[in-house]
Every structure is written in structure tokens, then in C-alpha cells.
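Note sheet for the following structure.
Treat the numbers as computed from the prediction; the structure is a model and nothing was measured. Ligands are counted one by one from 1 in listed order, and the atoms in each one are counted from 1 as well.
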Amino acid sequence: MSRFFSSKYKHLSEYVPGEQPKDKKYIKLNTNESPFPPSEKVINAVLEAARGLNLYCDPECSALTESVAEYYGVNSENVLMTNGSDEILNFAFSAFGDIEHPFAFPDITYGFYPVFARMNGVPFETIALNDDFNVDPDDYCGINKNVVIANPNAPTGLVLSLKEIEKIIASNKNNVIIIDEAYIDFGGESSISLIKKYDNLLVSRTFSKSFSLAGGRLGFGVGSAEIIKDLKKIKYSTNPYNVNSMTQSAGFAAMKDVKYYIDNCKEIIRVREKYKKELSARNFFVTDSSANFIFAKHDKIPGAVLYSELKKRGVLVRHFSTEKISNFVRITVGTDEQMQALLKNTDIIIGENR
Ligand code: PMP
């Protein structure tokens, strides 16, 4: 740290993204990316957009915003496009959180939430998951704090029903409830329909997983026109050109090619269910994940050991050292072929640890 670093950041410990090692080619099942490339239309749109890179991009993302709004059955004034959904989440902590407006979120969830809170000077409370790793909606009803819940949750993959989500929103009318739907296309019901009924709801979405655009950095928020206006104020006070023109074109082309992505999601769900069963048959406890990852714990092999033994064999999964989940690994659902390689190597490791 330099002697110039502001003391307001002295309690900040930054988010650590999943590793992207360059030492060899891994079967990469550690950061919940799609194993499928963007569609041809998206690739061509990006190539075309590259010709106009001498000009600034449209700060309003007009065409993309309109197509997203139309697809999700809302108005353009209800949508704000961002640089990944991390950005809409950060904007939300910044816009709605302060000493008088703290946040609450589960103790086991997306690791960026506490970082956003500290970065924005927002106090927060973490609420323990149930013993079965579910979020208990009653814990959040009438909590009188802003709430952020990933639905499906990460890294457990467990989902709340729309009814349960609505209960949380309806009982906290004076607080903003953020539903982070990064993984909703792989299971569960979106809360977007509720924005017409509740002005305290913000739904955060991403193109990183189901739309094969993790490297393009595209996300968005859906909420009441007033909430979106507040978030825009933050955007225009930090980075008006937050979504570059190639990414805007990629997103626009993806919205015209939705069937390709829906089919990919169906395949990921099929593979997920198949390998949940395969792992359960090998003495793994597996949560009933509705996301594009499997959260699994072997009855004999600690999570850290499984992670490092798999890595040695060229298969990368994610391990979290957080005490409650340190015996689990999170495995991104890849292609059937990638998952076969995971299974083959897991069998060898189980054999060696017998
Ligand atoms: N929310 C959750 C629950 C996530 O797991 C992630 C991915 N790391 C994000 C949001 C952010 O994804 P992105 O910024 O790529 O949209």
C-alpha cells in the first residue's frame, strides 16, 4: 500500500475472482462460464462493431435496452445496462446503502456482496442459511434493511419460489430488495414480473452465464423507473460509457438469437442432472442445484484435497475456505465430455483415498 492510499479503504479486502491459470490448459469448471461459444450472429456483430471503435459508444445503450425491455415485457425506462451484473450490484449498494440504510444478505452467498458494502461504506448483517443450506425467507420478512439475495443462490444453487421472494418484497416496502438472478435461466422463476407491482424491487441479470458472454461484460438491472433513474445517476457520475460498443452489439445480436441460448441452457440442465446422479452414486452429498454448477461434498475426501487433486490432473473446480462449506467443491456444469473427464479423475482420486 502506498502512503497515499485513502484511509477510507483501510478495511477493504478486495474480491478475489476465480483463478484463470495460464500454466497449462485445464478443463475449466471453476467460474460458471458457459462451455458454449457465443452464436455466429454475435461474433459477426462484434466484428462489425469493431469498425466503429473510433467513436464513443451510445451511453444510453438505446437499441440494446429496447430489445432487452421488449423481451422481458417491461419498458425501456425499467432497464439499465451495465458492465456485467457486478456493476449494477455495485451501483445499487452505492445508490441505496448508507449508515441509515444497511444491507442484509445470507452468510453463504456471492462473495462480492460484502466487498460492495465495504467499498461503499454500507453496514451489513449476514444471516445464516438453514442447516440444509436453504435461505429461510422468514428471516428477511420485515427485516427493515435493504436485502440482496441471489436466486438461485451461489454456491449452493438452491432457489426460492416466486411466492417466497414476493413475501420478502411485500414485507419490506420501505427498503430496496435486490434479487440477483445471475443463474435464473438454469432453474427457478424470475421476479421480473413483480416490478409492475412493487417499486422497491431491483432484479439484477447477466449475459455472462446463459448468454455465453462472460468476457464481453454485460449485465442489467430491472426495476421501477425511479429506481433505474437513481442507478443512472450513479452511472453518469462514474462511467457514462460503461458498456462498450462491441458488447452492446453482441448483446443486441444475442437477443435476436435467443433460441440458440435457450437450447444451450436445456443441455446444461440435462448434463447437470446427469452428473448430480453420478456424483451421488459415488458418496457425494449434492445440493439440488438449479444453477449451472453442482455443489458437492464427498463423505471422505475434504473439499481442499479434491480441488487440488483435480487441479493436478488438469480439472479446475472452485473451493471456498469458508468454514461452513470448506468440505464442498463447486463444479461448473460443462459439456458432457468435460464432465466425463471430471468423473474419471474423481474416480481415480476416490480410489487413491480409500
Ligand atoms: N451474481 C452472482 C451470484 C454471481 O455468481 C456472479 C458471477 N461471479 C455475478 C453476480 C456477477 O457476474 P457478472 O459480473 O459476470 O455479470
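- For atom 12 (O) of ligand 1, the nearest protein heavy atom (residue, atom name, distance) is Ser85 OG, 3.4 Å.
- The protein non-hydrogen atom at the shortest distance from atom 11 (C) of ligand 1 is Asp86 OD1, 3.1 Å.
- Outside the 6.0 Å centre-distance limit, the rings of Phe93 and Phe124 are not counted as a close aromatic pair.
- Sorted by first and then second residue, the salt bridge (Lys or Arg N to Asp or Glu O under 4.0 Å) pairs involving residues 206-216 (not counting sequence neighbours) form an empty list.
- Using the six-membered ring where Trp is involved, Phe220 and Tyr72 have ring planes that are tilted, between 30° and 60° apart.
- With atom 6 (C) of ligand 1 as the reference point, the heavy atom nearest to it among Phe112, Phe211, Tyr110, Tyr15 is part of Tyr110.
- In this structure, Lys256 forms a cation-pi arrangement with Phe252, its terminal cationic atom sitting closer than 6.0 Å to the ring centre and no more than 45° off the ring axis.
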Tell me, with the steps shown, if Ile301 and Ile350 meet side-chain contact (heavy atoms from CB on, under 4.5 Å). CA-CA 8 Å; Ile301 308 170; Ile350 293 172; 3.8 Å; yes
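- Each of the following atoms of ligand 1 lies closer than 4.0 Å to a heavy atom of Gly84: 14 (O), 16 (O).
- Screening Ser210, Ser190, Ser85 for a side chain to side chain donor-acceptor pair (under 3.5 Å) with Arg205, the sole residue that qualifies is Ser190.
- Only the side chain of Lys209 comes within 4.0 Å of ligand 1, judged by heavy-atom distances.
- Considering backbone and side-chain atoms together, Asp180 places an N or O closer than 3.5 Å to an N or O of ligand 1.
- Contacts between Tyr183 and ligand 1 below 4.0 angstrom, taking non-hydrogen atoms only, involve the side chain exclusively.
- Among all protein heavy atoms, the one lying closest to atom 14 (O) of ligand 1 is Arg217 NH2, 2.8 Å.
- Looking from atom 15 (O) of ligand 1 to the surrounding protein, the closest heavy atom is Ser208 OG, 2.6 Å.
- By the 30° and 60° cut-offs, the orientation of the rings of Phe211 relative to Phe207 is tilted.
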